[in-house]
Amino acid sequence: MTGRGRLHKARSLDVCKPVETKRASRRGSGKGDMEEKKSQVLKDENKPKQREKKDIDEEKPAGSVKRETCALPETVPVEACATPKTATCDGKSKKLPKETSNCKEQKPPRTLRQDSVTRLISKEKSVDEVLLRKTLEKLKIKKVQRSEAASSINGIIKNIMDHLKKNTQCFKDISKLPTGSYYENLKISNPDEFDVMMTIPLDRVDLQPFGDDGAFYSVALKRGESSLKRFMQEEDNTLSAYGMLKEFREEVKKCVKMMKDVEMEKKKIGCPAVTLTIKGVGPVPISLDVVLGIEVRTSWPAEFTKDGFQIDDWLGKKVKQQHMRKPYYLVPKHEGRAMAERDGVLAKDVWRISFSHVEKEIVKNHGSEKTCCEDGKIRCCRKGCLKLLKHMLGLLKEEDSSFAKFCSYHAKTTFFHTCCSRNKDSDWEASRLSHCFLMLLEDFEGHLRDSKLPNFFIPTQNLLSGPSNRSCTSLARRIKEERESGFPIFLK
DNA sequence: CATGTTCGCGAGTGC
DNA sequence: GCACTCGCGAACAT
C-alpha cells in the first residue's frame with residue numbers, strides 16, 4: 001500500500017538515470033530474434049553456444065581450459081617480468097606465459113602498436129596484468145569475515161551513541177559519520193580497521209589559523225548559550241580541544257567498560273581518536289577509531305582550499321561547489337608538543353580540518369562521467385589501483401621499519417592527485433590495470449623524490465614533512481625497483 | 001557471466 | 001526528533 005507510493009517517489013527523484021532498467025538495456029543490445037530465442041534456452045542450460053561465435057573462437061584452444069589464473073605467479077619467470085610491456089601472452093586463451101608452450105602455432109612476434117588496435121590490446125594480458133589481478137583477488141575481504149566484523153562494530157557503535165545521547169549533556173546531539181577505507185570500500189585483506197567520527201553540530205564559529213600550514217585552527221564560539229560552554233576558555237572564547245576530547249574519552253570509557261572483548265587503548269598525544277580494540281571476532285583483532293568531531297554547518301571558508309581541491313577537470317565544477325556548500329568538520333588534533341604556544345593558544349587546544357566525508361564521497365563517485373562503473377557502462381580501475389598501492393606500501397613497511405612514517409593516507413592523497421591529472425574515465429579503463437597502476441606508482445615516486453606531497457585539500461600542508469628526505473628517496477627507489485621488475489613483492 | 005547475498009545508506013514514514 | 005522500513009548500489013560468492 002504505502003510501499004507503492006514510496007517506490008514512485010524514489011523513482012521520480014532519480015531523474016538523471018536513464019529510464020530503462022539495466023536488464024532492459026542489456027537486452028537492448030541483443031542481436032535479433034534468433035538470439036532472443038537462444039537466450040531463453042540459455043537460461044535453462046548454458047552449454048550450446050557455438051553457432052555464430054565459431055568464427056571468432058577459431059584461434060582459441062579447445063574449450064577444455066577455463067581461465068584458471070591460479071598457477072600463474074609461480075610460473076612467471078622473473079626475467080619475463082623485466083619486459084612487461086612487450087611480453088604478449090594472450091592471457092585469455094592460454095594462461096601459460098612460457099614461450100615454449102606449443103599448444104598453438106605461436107604468433108608472429110610482433111610488437112604491439114599501442115593505439116592501432118585497441119581491441120587487441122584489451123585481449124592482451126601482460127604478465128603484470130595477470131599478477132595484479134591475482135593480487136587484487138587476494139585482497140578481497142571475505143564475506144563472512146566482513147559480516148562478523150560489521151555486526152560487532154555496529155553493535156558497539158550503537159551502544160556508544162546511545163550512551164552519549166542518554167547520559168551526557170554536551171554530547172547528546174551527536175551523530176555518527178562513518179569514514180575511512182572500510183566505508184569507502186577500499187579496505188583490503190581484513191575488515192580490521194574501522195573509523196567512525198562522532199560529530200557535534202555547531203553553527204557559527206570563528207576560526208583563527210594556528211601555524212601556517214593551513215590545516216590547524218583555534219575555534220572560538222560566538223557568544224550565547226551552548227552545551228559546550230564549559231569547554232570554552234574565559235579569555236578568548238576558544239574551545240579547548242584537549243578538554244573536550246578528554247571528556248569524550250571518559251564517556252566512551254564508561255560505556256565500553258561493560259563490553260566484553262573491547263579494550264580502550266592509551267591516549268596518544270595529539271590524536272583525535274579514541275581507539276578501541278576488539279578481540280575474538282575473526283582471525284585478527286579489530287581496531288575501531290572513534291573520532292570526536294565538530295560539524296560546522298556553513299560553507300567552507302574560501303581560504304581552506306585556496307589552490308587546493310582542484311577537481312574541476314575531473315569531477316566537475318558543479319560537484320566541487322556542492323561539496324563546498326556542505327558542512328565541514330574539525331577534529332581535536334595538533335602537531336608537535338602539546339604545550340607549544342602561538343598567539344596565546346596552546347597546541348593541545350587546536351583543531352584540524354577534516355575532509356573525510358568529502359574523501360568518502362569522491363571515492364564513491366569517482367568518475368568524470370556520472371555513470372562510471374555502473375552496470376553496462378565503462379568500468380574503471382581507479383579503486384583497484386589504489387588498493388594495490390596501499391597493499392604495496394603495507395608490504396614495504398613490513399619489510400623495512402624505516403618506512404614507518406609512511407601511511408595509507410599518503411597513498412590515497414597521491415591517488416587523488418593522479419586522478420586530477422589523468423581525469424578521464426577512459427584513462428582508467430579496467431582493462432588497463434597494469435598501465436594505470438604503473439602511472440600511479442610513478443607519480444608516487446615523484447612525490448617521494450621531491451619530499452613533497454601536498455594535502456589534496458590544503459596544498460600548503462606538506463604530508464611528507466614528517467618522514468626524512470632520506471627515507472623518502474629510499475622508498476622511491478624501492479618502489480621503482482618493484483615497478484621495473486614486475487612486482488616480485490606481490491609474489492610472496 | 002548471471003544470479004543470489006549481505007552490508008551500507010539515503011529517503012520516507014509513522015510514532 | 002527518533003527509529004524503523006524499503007529499495008538500491010557495491011562487492012563478494014556461487
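Letters A, B, ... mirror the listed sequences (proteins, then strands); counts begin at 1. Small disclaimer: the values here were computed from a predicted structure and weren't measured.
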Inset, instruction - Drop me the distance from A/L396's CG to A/I479's CD1, to the nearest 0.5 angstrom. - result: 6.0 Å

Inset, instruction - Select base, sugar-phosphate, or nothing to describe what A/K165 touches, counting heavy atoms under 4.0 Å on all strands. - result: nothing

Legend entry - A/K138 NZ to C/dA13 C1', straight-line distance once rounded to whole Å: 20 Å

Legend entry - d(NZ, A/K176; P, B/dG8) in whole Å: 8 Å

Inset, instruction - Determine: side-chain N/O of A/S147 to OP1/OP2 of B/dC7, distance under 4.0 Å, yes or no. - result: yes

Inset, instruction - Inspect the contact between A/K254 and A/E251 and indicate whether a charged nitrogen and a carboxylate oxygen are less than 4.0 angstrom apart. - result: yes

Legend entry - Below 4.0 Å: OP1/OP2 of C/dA11 and any side-chain N or O of A/K383: yes

Legend entry - Spacing between A/Y183 atom OH and B/dG10 atom C1', to the nearest angstrom: 16 Å

Inset, instruction - On DNA chain C, check which nucleotide each of A/K158 and A/C372 is closest to and give me the residue with the more 5' one. - result: A/K158

Legend entry - Salt bridge A/D427-A/R432, side-chain N to carboxylate O under 4.0 Å: no

Inset, instruction - Could you check how far CZ of A/R146 sits from P of C/dA10, rounded to whole Å? - result: 13 Å

Legend entry - A/F355: which of A/W300, A/Y328, A/F456, A/F416 passes ring pair (Phe, Tyr, Trp, His ring centres under 6.0 Å): A/W300

Inset, instruction - Let me know, please, whether A/K364 or A/V144 comes out on the 5' side of the other along DNA chain C by nearest nucleotide. - result: A/K364

Legend entry - Rounded distance in Å - NZ (A/K143) to P (C/dT14): 8 Å

Inset, instruction - Measure from the side-chain heavy atoms of A/N185 and tell me the nearest of B/dC9, C/dA10, C/dA13. - result: C/dA10

Legend entry - A/H447-A/H417 aromatic ring centre distance below 6.0 Å: yes

Inset, instruction - Whole angstrom is fine here: how far is it from CD in A/E374 over to P in C/dC8? - result: 14 Å

Inset, instruction - With heavy atoms under 4.0 Å as the rule, sort A/K140 into base, sugar-phosphate or nothing. - result: sugar-phosphate

Legend entry - Spacing of A/F194 atom CZ relative to B/dC7 atom C1', expressed in whole Å: 11 Å

Inset, instruction - Could you state the atom-to-atom distance from OH of A/Y182 to C1' of B/dC9 in whole Å? - result: 12 Å

